[in-house]
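Structure record follows, encoded as structure tokens.
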Amino acid sequence: MLPLPRPVADGIDVLLDRTVAPGYTRIGPAVRRRLPTWPADPAPDALQGRTAVVTGATSGLGLATAEGLARLGADVVLVARDEEKGRRVLADLGGRLPAARLQLARCDVSDLDDVRRFAGELPEQVDAGRVDLLVHNAGAMPPTRTESPQGHELTMALHVLGPVLLTELLLPRLTGGRVVLVTSGGMYAQRLRDDDPEYRQGEYSPTTAYARSKRAQVELLPVLDQRWAGAGVSVHATHPGWADTPGVVESLPRFHRLTGPLLRDAESGADTTVWLCATEPVPTGAMLWHDRRPRPPHVLRRTRTGEEERARLWDWVRVQLDLPGP
Ligand SMILES: NC(=O)c1ccc[n+]([C@@H]2O[C@H](COP(=O)([O-])OP(=O)(O)OC[C@H]3O[C@@H](n4cnc5c(N)ncnc54)[C@H](OP(=O)(O)O)[C@@H]3O)[C@@H](O)[C@H]2O)c1
């Protein structure tokens with residue numbers, strides 16, 4: 001640990017964040033872990049007796065999150081859209097962690113009917129029908145505008161509609177639990193498009209669609225936290241920085257080639273997700289986190305969102321999911 005006064009350590013942490021590349025790459029955690037402001041690791045058995053559900057657990061950050069949670073003692077349900085791939089990943093992870101209690105479940109999070117089926121079946125699969133930790137990690141960046149089985153633009157379906165619906169349906173099983181949305185620093189470049197949530201206007205850009213849906217996740221945090229607080233459920237978002245995962249290789253090959261050796265590994269990209277699930281006391285809800293510290297939801301004036309826009313987006317989500325108001 002570097003013997004620095006806390007204000008200096010805070011300054012370094014913020015500087016890393018605002019200069020983007022140094023903070024998002026492997027440099028970020030390498031420096032931050034040496035600062036006196038780096039929060040403590042959770043206790044080794046912090047999640048003993050807890051059940052965690054992780055979507056997108058067959059690859060990259062989701063797999064690293066499942067492993068991190070299992071290492072802290074959680075029973076982990078790995079949610080995969082491809083059952084065959086899920087079985088291979090489960091066998092491999094089980095081989096590495098023989099004492100872990102791991103299960104596999106299938107769900108396409110972008111398909112609202114499949115989310116409903118999954119939410120109905122899951123309680124049968126887990127101890128006492130309870131879920132303590134729900135990690136919405138599944139993500140994708142389709143190269144062309146794609147629609148989900150219900151006709152929603154895919155990134156909004158996968159990153160917003162599916163996760164909100166799954167949480168709503170599991171709410172009675174989640175009492176006292178934590179929900180974590182894995183978002184992206186890419187959302188800093190986009191403002192909320194409550195006027196065009198399905199990306200029907202203008203030419204489609206994969207990175208813009210992806211970043212808009214991730215912006216929507218962050219903008220909904222206060223609404224969701226307030227809505228779910230009645231069930232004792234807190235909601236948190238984290239962005240992983242830039243991590244070397246199959247998703248980045250596939251969706252951003254040029255970025256991957258340019259940044260390759262500087263990218264974090266998946267474990268480091270998943271660190272804050274695992275930490276948010278396990279640290280005590282429960283972190284304040286409705287906040288965006290990166291490298292175990294709260295981060296601002298906006299860094300550019302042009303992306304700032306008013307209450308009205310946020311409320312309009314929430315109304316749209318509620319209507320698509322047929323949820324009771326407000
Ligand atoms: N890596 C980064 O630098 C980075 C940066 C910012 C944000 N993120 C976010 O971190 C999360 C994980 O990304 P990653 O980099 O680990 O990507 P990844 O390697 O592509 O993993 C994505 C996971 O999501 C699953 N998935 C995709 N579509 C799905 C669907 N419709 N239903 C259920 N599961 C689905 C994938 O399943 P298959 O295995 O079947 O494909 C895979 O398990 C994503 O939300 C991503 O947006 C990553």
Side-chain angles (χ1 to χ4, degrees), residues 41-109 114-115 117-139 162-163 166-167 169-171 173-182 233-238 240 243 245-247 265-280 282-283:
D41 288 340
D45 60 350
L47 297 178
Q48 204 70 49
R50 309 264 180 92
T51 297
V53 174
V54 181
T55 68
T58 47
S59 177
L61 303 181
L63 176 54
T65 300
E67 175 160 355
L69 297 174
R71 284 188 187 280
L72 292 173
D75 296 3
V76 183
V77 180
L78 289 88
V79 184
R81 62 172 162 175
D82 174 343
E83 201 163 354
E84 185 51 45
K85 185 171 178 184
R87 269 198 222 103
R88 285 199 305 274
V89 168
L90 185 74
D92 181 57
L93 189 55
R96 276 185 285 130
L97 301 177
R101 287 167 44 111
L102 306 170
Q103 296 186 63
L104 180 65
R106 193 191 60 72
C107 181
D108 180 336
V109 180
D114 206 35
V115 169
R117 174 203 54 80
F118 169 59
E121 291 174 8
L122 182 69
E124 303 292 315
Q125 202 176 338
V126 293
D127 271 359
R130 268 192 63 80
V131 174
D132 301 285
L133 305 162
L134 177 55
V135 179
H136 294 299
N137 164 84
L166 182 57
T167 312
L169 294 172
L170 290 179
L171 218 49
R173 312 287 176 172
L174 259 166
T175 309
R178 305 182 194 184
V179 174
V180 180
L181 287 158
V182 180
V233 173
S234 62
V235 58
H236 318 270
T238 173
T245 64
D265 60 18
E267 185 187 348
S268 169
D271 173 80
T272 302
T273 306
V274 174
W275 181 82
L276 282 168
C277 287
T279 192
E280 293 292 347
V282 183

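Note that the structure is a prediction, hence the values are computed from the model and not measured.
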Taking all atoms of both residues into account, what is the closest heavy-atom pair of [X] and [Y], and its distance?
X: Ala270; Y: Ala64; answer: CB-CB, 3.8 Å
X: Ala119; Y: Leu170; answer: O-CD2, 3.9 Å
X: Pro240; Y: Gly269; answer: CB-O, 3.3 Å
X: Pro163; Y: Val109; answer: CD-CG1, 3.9 Å
X: Cys277; Y: Leu69; answer: CB-CD2, 3.7 Å
X: Val115; Y: Gly162; answer: CG1-O, 4.0 Å

Between [X] (side chain) and [Y] (backbone), is there a donor-acceptor pair under 3.5 Å?
X: Asp82; Y: Lys85; answer: yes
X: Arg130; Y: Thr175; answer: yes
X: Asp132; Y: Thr51; answer: yes
X: Gln103; Y: Asp75; answer: no
X: Thr55; Y: Ala138; answer: yes
X: Asn137; Y: Val182; answer: no
X: Asp114; Y: Asp108; answer: yes
X: Arg178; Y: Leu276; answer: yes

Distance, nearest 0.5 Å, that separates [atom1] of [X] from [atom2] of [Y]:
X: Thr65; Y: Glu67; atom1: OG1; atom2: CD; value: 10.0 Å
X: Leu122; Y: Cys107; atom1: CG; atom2: SG; value: 9.5 Å
X: Leu63; Y: Leu90; atom1: CG; atom2: CG; value: 10.5 Å
X: Asp92; Y: Arg87; atom1: CG; atom2: CZ; value: 15.5 Å
X: Leu97; Y: Arg71; atom1: CG; atom2: CZ; value: 4.5 Å
X: Leu133; Y: Leu47; atom1: CG; atom2: CG; value: 6.0 Å

If you draw a 6.0 Å radius around CZ in Arg117, do more than 12 non-hydrogen atoms from other residues or ligands fall strictly inside?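 Check passes, neighbour count above 12.
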For Glu280, does the CD atom have more than 12 heavy-atom neighbours from other residues, nucleotides or ligands under 6.0 Å away?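 Yes, CD of Glu280 has more than 12 neighbouring heavy atoms, counting only those of other groups under 6.0 Å.
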Heavy-atom side-chain contact between [X] and [Y] under 4.5 Å:
X: Leu61; Y: Thr273; value: no
X: Val77; Y: Val131; value: no
X: Thr167; Y: His136; value: yes

Ser234 and His236: side chain donor to acceptor below 3.5 Å: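 Yes, side-chain donor-acceptor contact under 3.5 Å.
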